[in-house]
Protein chains: 2
Amino acid sequence: MKRSLEHIDYKEGTEALAKYAKALAHPTRIAILRHLENQSCCFTGDLVDVFPLAQSTISQHLKELKNAGLIQGELKPPKIKYCINQKNWMEAKMLFDELFSLDTNVVTKEKKC
Amino acid sequence: MKRSLEHIDYKEGTEALAKYAKALAHPTRIAILRHLENQSCCFTGDLVDVFPLAQSTISQHLKELKNAGLIQGELKPPKIKYCINQKNWMEAKMLFDELFSLDTNVVTKEKKC
DNA sequence: AAAATCAATCGTATATTTGCGATAAGAAAT
DNA sequence: ATTTCTTATCGCAAATATACGATTGATTTT
């Protein structure tokens, strides 16, 4: 992909928000997170039973959620217990809240058109 | 891409939420939305001036935001005025709120591990 | 030590996303 | 009618995402 040479200086938090949004941009990953919230944690195998997807596919979705920081894995040999990463989950919540709350004080903003 | 043959029955709102998250999964699109919120609306050309991206690239990002339903265009010949689609914006807000608020009543939930 | 279990990773195939320049399409102004 | 202005779309290239089966690696059980 051709990429813009200049780095764009986005407002603070914009890239972090995009990162979280990207992690949420697939229904299976949202469903996994809901599942984790419902029962606080789970193993990869539990999810393989719940969704009609290959084990490798589930594992890949978990990897993306982990890379985005939304979940964390804890070794419980021979299994791995996955939980929501509360700290980052709260950060994501706040970033989304902030984005969607901007319109509340729209009356005080200058209308440009 | 190989695709699962069986359709997955996600919980109500999951696919809509994924659709909105996907639209937000790029910092430029978040920045465009912030810009729209700040001054209630704008023209494509305004954004081309703000971001170091080609006009065609901006247009494509606007198209995705429009397809996701987050913005809408209004013909103001020879320009097009873009605004947040308030109805869908609120729906997105509620879907994200719901996702992130599940943990508040976690004490009442059964812990499975 | 060998077998079984569980999850990650590899390799592959295909679809989608992101970016650009060039072109097209529409209305407005000359 | 022609030119100008504004935005969308096309065609291309490269990167990323999504899915699968097969394999690997680590741990536990036998």
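These numbers come from the heavy atoms of this one structure, side chains and all, not from hydrogens, waters or symmetry mates. Quick note on labels: first sequence line is chain A, next is B, and so on, each numbered from 1.
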**Student:** Atom CD1 of I30(B) to atom C1' of dT18(C): distance rounded to whole Å?
**Tutor:**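 In whole Å, dT18(C) C1' lies 15 Å from I30(B) CD1.
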**Student:** Can you sort out the partners of S59(B) under side chain to side chain contact (heavy atoms under 4.5 Å, CB included), two or more places apart, ordered by chain and number?
**Tutor:**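 Partners of S59(B) under the side chain to side chain contact (heavy atoms under 4.5 Å, CB included) test: Q55(B).
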**Student:** What residues, two or more places apart in sequence or in another chain, satisfy side chain to side chain donor-acceptor pair (under 3.5 Å) together with E64(B)?
**Tutor:**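 Partners of E64(B) by the side chain to side chain donor-acceptor pair (under 3.5 Å) criterion, ordered by chain and then number, come out as R29(B).
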**Student:** Quick check on contacts: within residues 56-71 of chain A, what sits under 4.0 Å from DNA chain D by heavy-atom distance?
**Tutor:**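 Here the set is S56(A), T57(A), Q60(A), H61(A), E64(A).
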**Student:** Which nucleotide wins on minimum distance to the side chain of I80(B), given the candidates dC20(C), dT7(D), dC20(D)?
**Tutor:**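 Nearest nucleotide to the side chain: dT7(D).
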**Student:** T44(B): what forms a side chain to side chain contact (heavy atoms under 4.5 Å, CB included) with it, not counting sequence neighbours?
**Tutor:**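 With neighbours one apart ignored, the set is V48(B), I58(B), L62(B), Y82(B).
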**Student:** Would you say K63(B) and L65(B) make side-chain contact, with heavy atoms under 4.5 Å?
**Tutor:**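 The answer is no; the side chains never approach within 4.5 Å.
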**Student:** List for me each residue that meets ring-ring contact (aromatic ring centres under 6.0 Å, His included) alongside H35(B), sequence neighbours excluded, and say none if there are none.
**Tutor:**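 Scan of H35(B) (ring-ring contact (aromatic ring centres under 6.0 Å, His included), adjacent residues dropped) gives none.
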**Student:** List the residues meeting side chain to side chain donor-acceptor pair (under 3.5 Å) with T57(A), not counting sequence neighbours, and say none if there are none.
**Tutor:**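 If we apply the side chain to side chain donor-acceptor pair (under 3.5 Å) test to T57(A), skipping adjacent residues, there are no hits.
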**Student:** Can you list everything that forms a ring-ring contact (aromatic ring centres under 6.0 Å, His included) with F96(A)? Sequence neighbours excluded, please.
**Tutor:**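 Listed in chain order: F96(B), F100(B).
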**Student:** With sequence neighbours left out, what residues match A18(A) under side chain to side chain contact (heavy atoms under 4.5 Å, CB included)?
**Tutor:**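 Applying side chain to side chain contact (heavy atoms under 4.5 Å, CB included) to A18(A) gives P27(B), I30(B).
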**Student:** Calculate the interatomic distance between E74(A) atom CD and dA8(C) atom P; express it in whole Å.
**Tutor:**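 Roughly 14 Å, once rounded to whole Å.
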**Student:** Would you mind reading off the distance between K81(B) atom NZ and dT6(D) atom C1', rounded to a whole angstrom?
**Tutor:**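 My rounded result for the distance is 16 Å.
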**Student:** Rounded to the Å, how far apart are L53(A) CG and dA17(D) P?
**Tutor:**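 Rounded to the whole Å, the gap is 18 Å.
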**Student:** Which residue is it: I84(A), N85(A), L24(A)? I am looking for the one with a side chain to side chain contact (heavy atoms under 4.5 Å, CB included) to L70(A).
**Tutor:**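 Single pass found, and it is L24(A).
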**Student:** Please write out each protein N/O paired with an N/O of nucleotides 23-30 of chain C under 3.5 Å, distance rounded to 0.1 Å.
**Tutor:**
none

**Student:** Salt bridge check, E74(A) against K79(A): does any charged N sit closer than 4.0 Å to a carboxylate O?
**Tutor:**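 Looking at E74(A) together with K79(A), the answer is no, because their closest N to O distance does not fall below 4.0 Å.
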**Student:** Could you work out, with side chain to side chain donor-acceptor pair (under 3.5 Å) as the rule, every residue matching E91(A), not counting sequence neighbours?
**Tutor:**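 Listed in chain order: Y20(A).
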**Student:** Over how many whole Å does the gap from D49(A) atom CG to dC6(C) atom P extend?
**Tutor:**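 For the pair D49(A) CG and dC6(C) P, the rounded distance is 10 Å.
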**Student:** Would you mind reading off the distance between H26(B) atom NE2 and dA17(D) atom C1', rounded to a whole angstrom?
**Tutor:**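 H26(B) atom NE2 is separated from dA17(D) atom C1' by 14 Å.
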**Student:** To the nearest Å, how far apart are D46(B) CG and dC5(D) P?
**Tutor:**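 In whole Å, dC5(D) P and D46(B) CG are 16 Å from each other.
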**Student:** Which of residues 13-24 of chain B have a heavy atom under 4.0 Å from DNA chain D?
**Tutor:**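 Those residues whose heavy atoms fall under 4.0 Å from DNA chain D, taken from residues 13-24 of chain B, amount to none.
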